[in-house]
Amino acid sequence: MENISLYICAYNVEKTIEEVIIGVLNMNPKPDEIIIINDGSTDSTSKILSKYKNHIKILNLVKNMGIGYGRNLAIKESKNKFVATIDSDVVPDKKWLINIYEVMIANKSQLCGGLLLEKYLKSNRYN
């Protein structure tokens, strides 16, 4: 598998972000680069992210700029040709990244999406 950057946009996600980061770090293989865009969070998201600063690249925004801005910034800051993303409330399967990579390469596609299951379906009516 070629090197892949994976980014996560995060805004006030203290309840979910740590489990998501652990899930990403436990991927096999895991991304070559993990970028978290902390989009002006006012809860304890920053504190949680700092626990993983040796394993992730954290881009702290002073104020909330929105998910579009965060996504564009993450892609701009990515060091690899291939870039993946997951939401800040989704714990990926250990093989998620390799599965979508292999499908993308096999089909010579420029874009690929993969199945992600949200953990908090019952507690969040917006899921």
Does the distance from a Lys or Arg side-chain N to an Asp or Glu carboxylate O, for D32 and K79, drop under 4.0 Å?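 The answer is yes: the pair qualifies as a salt bridge.
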
Starting at [atom1] of [X], measure out to [atom2] of [Y] and round the result to the nearest 0.5 Å.
X: K76; Y: N72; atom1: NZ; atom2: CG; answer: 10.0 Å
X: I36; Y: I21; atom1: CD1; atom2: CD1; answer: 4.5 Å
X: D43; Y: I17; atom1: CG; atom2: CD1; answer: 10.0 Å
X: K15; Y: I48; atom1: NZ; atom2: CD1; answer: 11.5 Å

Quick check: closest heavy atoms across [X] and [Y], and the distance to 0.1 Å?
X: I86; Y: V90; answer: CD1-O, 3.8 Å
X: K57; Y: E77; answer: NZ-O, 3.4 Å
X: G23; Y: V91; answer: CA-CG1, 4.3 Å
X: I37; Y: G70; answer: CG1-O, 3.6 Å

Check whether [X] reaches the backbone of [Y] with its side chain - one donor and one acceptor, N or O, closer than 3.5 Å.
X: S41; Y: S46; result: no
X: N28; Y: K94; result: no
X: T85; Y: Y7; result: yes
X: T16; Y: S88; result: yes

Residue pair [X] / [Y], side-chain heavy-atom distance below 4.5 Å:
X: F82; Y: M1; answer: no
X: L97; Y: P92; answer: no
X: D87; Y: V20; answer: no
X: Y52; Y: I22; answer: yes
X: V13; Y: I8; answer: no

Taking Y101 as the starting point, is it possible to reach V83 by hopping between hydrophobic residues whose side chains are less than 4.5 Å apart?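 Different hydrophobic clusters.
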
Same cluster or not: are I56 and M27 linked, directly or through other Ile, Leu, Val, Met, Phe, Trp or Tyr residues, by side-chain heavy atoms under 4.5 angstrom apart?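 Yes; M27 is reachable from I56 via cluster members.
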
Residues forming a ring pair (Phe, Tyr, Trp, His ring centres under 6.0 Å) with Y11, sequence neighbours excluded: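 Per chain and number, Y11 pairs via ring pair (Phe, Tyr, Trp, His ring centres under 6.0 Å) with no residue.
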
Under 3.5 Å, is there a donor-acceptor pair between the N80 and S78 side chains?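 Note: N80 and S78 side chains miss the donor-acceptor criterion.
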
Under the criterion side-chain contact (heavy atoms from CB on, under 4.5 Å), I'd like the reasoning laid out for L25 against I34: C-alpha separation, chi angles, the key distance, then a yes or no. CA-CA 9 Å; L25 292 173; I34 302 165; 3.6 Å; yes

May I have the list of side-chain donor-acceptor pairs in residues 59-68 shorter than 3.5 Å, sequence neighbours left out?
from, atom 1, to, atom 2, distance (Å)
N60, OD1, N38, ND2, 3.0
N64, ND2, D39, O, 3.1
N64, ND2, D39, OD2, 3.2

Around K30, counting heavy atoms of other residues, nucleotides and ligands shown, do more than 12 lie under 6.0 Å from its NZ?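 It does not: K30 NZ has 12 such atoms or fewer within range.
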
